Number of protein chains: 2
Amino acid sequence: MKVNYTIHDIAKELRIAPSTVSRALKDHPRISEKTRKEIQQFAKKVNYKQNALASALRSGKSGFIGVCLPSINRNFFANLTKGIEEVANKRGNSIIITQSNESFELEKKNIDTLIRAGVDGILISVSKGAPDNSFYKEIFSQGTPIFFLDRTINDSGINQTGIDDFSGAYLATQHLISQGYKKIVHFAGTNNVAILYKERLRGYTQAMGEAGLKEDVIFSNLQLQDGKDHMIELLNRPERPDAVFSASDYAALGAMSVLKENGIKIGKEFGLFGFANEPFTEFVDPPLSTVDQKAKNIGEHAMSSLLTYLDSPNDYIFGKTILTPEIIIRSSSIRKKILL
Amino acid sequence: MKVNYTIHDIAKELRIAPSTVSRALKDHPRISEKTRKEIQQFAKKVNYKQNALASALRSGKSGFIGVCLPSINRNFFANLTKGIEEVANKRGNSIIITQSNESFELEKKNIDTLIRAGVDGILISVSKGAPDNSFYKEIFSQGTPIFFLDRTINDSGINQTGIDDFSGAYLATQHLISQGYKKIVHFAGTNNVAILYKERLRGYTQAMGEAGLKEDVIFSNLQLQDGKDHMIELLNRPERPDAVFSASDYAALGAMSVLKENGIKIGKEFGLFGFANEPFTEFVDPPLSTVDQKAKNIGEHAMSSLLTYLDSPNDYIFGKTILTPEIIIRSSSIRKKILL
DNA sequence: TTGAAAGCGGTACCAT
DNA sequence: ATGGTACCGCTTTCAA
């Protein structure tokens with residue numbers, strides 16, 4: 001038996017026109033029930049597989065969606081991908097994933113590859129190296145719709161989906177306050193990094209202000225070691241703080257290890273709250289309270305928006321969607337007894 | 001300015017033939033230096049982007065490689081992907097990733113999608129639901145090369161890259177023995193799951209046998225809670241064991257929490273060794289010794305093999321490549337003083 | 001309802 | 001070294 005049938009092969013064997021075969025296979029309305037059945041059955045019998053390349057070339061639609069991420073090796077981006085993929089599959093699209101490793105050069109190259117591969121659109125979380133959004137706008141204007149997710153760029157002309165870092169931080173800080181902690185220190189990201197750390201700082205500041213508490217902020221790169229260093233410093237202060245809200249789980253973990261070394265009871269004596277819901281936060285001892293960034297939801301929403309746009313570009317209204325993160329409360333920040 | 005130039009557009013404006021343009025752009029040898037320069041410069045000027053779809057349709061080579069994974073949401077598969085992607089990019093290929101969520105049905109659908117998308121080959125880590133390898137062999141025989149990675153299927157006719165679970169387990173157990181632990185229990189995966197747990201068990205058995213020690217195995221699904229349950233049982237035994245080698249990091253973590261609750265000094269009094277090098281193993285207290293499965297290396301090797309095959313299928317010799325895992329020794333299994 | 005034929009954007013063969 | 005052109009497999013008018 002022939003292995004790779006084309007619609008021409010089918011047409012010839014069935015003594016009909018290729019165009020009829022094409023129509024029958026995609027349930028075109030103006031085709032008789034009888035021929036449709038016959039063709040579909042035959043196609044199934046000979047294991048016909050449509051050549052998506054040829055179809056894409058002719059129709060201008062490939063069903064491919066390009067995804068540009070800084071890295072898929074981090075939990076956050078892996079979850080993002082999961083959301084993206086589920087929606088894409090559900091609606092009959094395939095995704096092509098690329099990683100930039102935070103290099104703008106590589107990102108440009110990846111986008112180029114995706115366009116040459118005929119993607120119908122691109123979802124991107126921009127690399128830290130990107131200078132501004134002019135490049136992306138140019139791509140869009142050249143015919144490839146490009147939507148932002150997670151790392152958004154403020155521009156009303158481009159669609160964006162992200163999370164509200166402000167309210168994540170606000171809710172986390174509020175929770176610490178509700179547990180009776182008063183001297184709450186914030187580990188913040190250094191200013192020259194992305195805007196999101198500023199938003200987290202703002203959320204902290206707002207919550208502290210509303211509660212009439214004094215702000216106390218330490219800036220760093222928020223790595224594990226930074227958290228340790230900060231915590232050691234805090235313990236040496238004459239007036240010791242009683243909680244830390246860290247803009248990163250890693251720094252919170254560093255703080256945790258120092259607290260444990262000093263025999264300080266986490267939760268009861270000292271509250272600890274992280275940010276990002278890294279998998280380890282669930283497993284450390286005690287489990288670390290943190291902010292979940294709803295990565296999967298962001299992916300789902302962004303992909304869904306892009307596909308909606310592609311369905312009818314003219315009706316689409318561009319906008320920015322901000323999902324609210326969820327605070328995950330674990331024992332590291334529970335001081336009061338829980339009343340059931 | 002025109003936005004999307006084709007080689008025909010370029011040919012017309014430069015008053016030459018499309019075929020010449022095509023040749024010039026890909027550095028075909030039989031073309032004059034002068035025309036080549038001229039065409040390449042012009043192409044760059046008008047921002048020509050090759051249509052990979054058209055090229056693939058005509059030449060039969062798309063440069064796409066399909067990747068089928070059970071999930072990209074796990075650290076192991078994320079690293080696998082990283083290795084795959086790096087090699088693919090380096091050699092001018094793009095990858096299309098799909099996930100099966102361990103469903104054989106979805107896996108078949110994904111493979112079908114990839115073939116229709118014109119992939120030159122497929123890399124697959126088979127879903128647990130796959131009954132046997134007949135499906136994959138059929139795909140291969142129909143013209144799409146399919147190489148296995150990680151979860152391999154024993155068949156000399158298909159190329160495979162995986163790790164040696166046996167020696168990972170063997171080395172881990174040997175390390176525990178070298179640290180002076182004598183009553184070492186193995187947490188093993190239930191028999192009806194994949195072969196890899198059997199291999200790990202075999203490695204443990206071998207090392208114990210060689211050292212003249214008595215085997216002691218507990219079977220379960222190796223989740224966190226299983227580890228806790230097992231550990232509680234072990235502590236209640238009249239003759240308490242002094243180490244655990246767990247075939248999963250999660251179960252090892254469960255054991256760790258029980259040990260800590262009981263005030264038993266991990267490392268000094270009780271050795272603990274996991275498997276998989278999950279990210280949290282580095283951050284728990286104490287850090288957990290574990291076996292790294294070299295995911296990135298597996299990905300690199302498998303992709304590299306597939307591309308080599310595609311370059312010259314006739315010269316290729318199919319085979320099975322087994323990479324040796326690396327044991328990562330951390331404080332959870334260090335009893336003796338380290339001599340510097 | 002069905003057929004014929006052009007064409008998507010490249011590639012590759014056959015000429016020259 | 002360059003040009004002309006058929007063709008990859010499918011979609012999409014236009015015609016019947």
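A note on names: the letters A, B, ... follow the listed sequences, proteins ahead of strands, and every chain is numbered from 1. Owing to the predicted nature of the structure, the values given are computational and were not obtained by experimental measurement.
Between B:Leu53 atom CG and D:dC8 atom P the separation is 17 Å, expressed in whole Å. In this structure, B:Leu25 atom CG and C:dG10 atom P are separated by 9 Å, rounded to whole Å. Atom CD1 of B:Ile39 is separated from atom C1' of C:dT11 by 15 Å (rounded to the nearest Å). What separates CD of B:Glu33 from P of D:dT2 is a distance of 11 Å, to the nearest Å. Across the protein-nucleic acid pair, B:Asn4 atom CG and C:dG10 atom C1' stand 15 Å apart, rounded to whole Å. Here D:dT12 presents its C1' atom at 13 Å from CG of A:Leu57, a figure rounded to the nearest Å. Atom CG of A:Asp120 and atom C1' of C:dC8 are 15 Å apart (whole Å). Per the geometry, CD1 belonging to B:Ile7 stands 11 Å off P belonging to C:dA12, to the nearest Å.
For the pair B:Ile158 and B:Phe148, the minimum side-chain heavy-atom distance is below 4.5 Å. At least one side-chain heavy atom of A:Ser19 sits under 4.5 Å from a side-chain heavy atom of A:Arg23. Between A:Thr81 and A:Ile97 there is a side-chain heavy-atom pair separated by less than 4.5 Å.
A distance of 6.0 Å or more separates the ring centres of A:Tyr136 and A:Phe147.
The side chain of A:Tyr48 contributes no N or O atom lying less than 4.0 Å from OP1 or OP2 of D:dG9. Contact annotation: B:Tyr5 does not reach the phosphate of C:dG10 (side-chain N/O to OP1 or OP2, under 4.0 Å). In this structure, A:Thr6 does not reach the D:dC8 phosphate: none of its side-chain N or O atoms is under 4.0 Å from OP1 or OP2. Taking side-chain N and O atoms only, B:Lys26 has a distance below 4.0 Å to OP1 or OP2 of C:dT11.
Within the nucleic acid shown, A:Ile31 comes within 4.0 Å of sugar-phosphate atoms alone, with no base atom in reach, counting heavy atoms only. Among the heavy atoms of the strands lying under 4.0 Å from B:Lys49 are primed sugar atoms or P, OP1, OP2 only; no base atom is included.
Counting only residues at least two apart or on different chains, the salt bridge (charged side-chain N to carboxylate O under 4.0 Å, His left out) pairs with a member in residues 296-319 of chain B are B:Glu86-B:Lys296, B:Arg91-B:Asp311, B:Lys296-B:Glu300. Applying the side-chain hydrogen bond (donor to acceptor under 3.5 Å, both in side chains) definition to pairs two or more places apart or across chains, those involving residues 112-126 of chain B are A:Lys49-B:Asp112, B:Ser62-B:Asp120, B:Asp112-B:Arg116, B:Ser125-B:Asp150.
Under the 30°/60° scheme for interplanar angles, the aromatic rings of B:Tyr309 and B:Phe140 are found to stand perpendicular.
Distances from the side chain of A:Asn51 to the nucleotides D:dC10, C:dC8, C:dG10 place D:dC10 closest. Each of D:dG9, D:dT11, C:dT11 was ranked by its minimum atom distance to the side chain of A:Ser22; first place goes to D:dT11. The nucleotide whose nearest atom lies closest to any side-chain atom of A:Arg30 is, among C:dT2, C:dA12, D:dT11, C:dT2.
Among residues two or more places apart in sequence or in another chain, the salt bridge (Lys or Arg N to Asp or Glu O under 4.0 Å) test is passed with A:Glu38 by none. In this view, B:Lys37 and B:Glu33 satisfy the salt bridge (Lys or Arg N to Asp or Glu O under 4.0 Å) rule, not counting sequence neighbours.
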Are any protein N/O atoms closer than 3.5 Å to N/O atoms in nucleotides 4-7 of chain D? If there are, list each pair with its distance.
unit_1 : atom_1 : unit_2  : atom_2 : d
D:dG4  : N7     : B:Ser19 : OG     : 3.3
D:dG4  : O6     : B:Ser19 : OG     : 3.0
D:dC7  : O2     : B:Arg58 : NH1    : 2.8

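Remark on the helix from C:dT1-D:dA16 to C:dT16-D:dA1: inter-end axis angle 40°, axes from five-pair C1' superpositions, rounded to 10°.
For A:Leu306 against A:Pro145, the heavy-atom pair with the smallest separation is CD1-CB, 4.2 Å.
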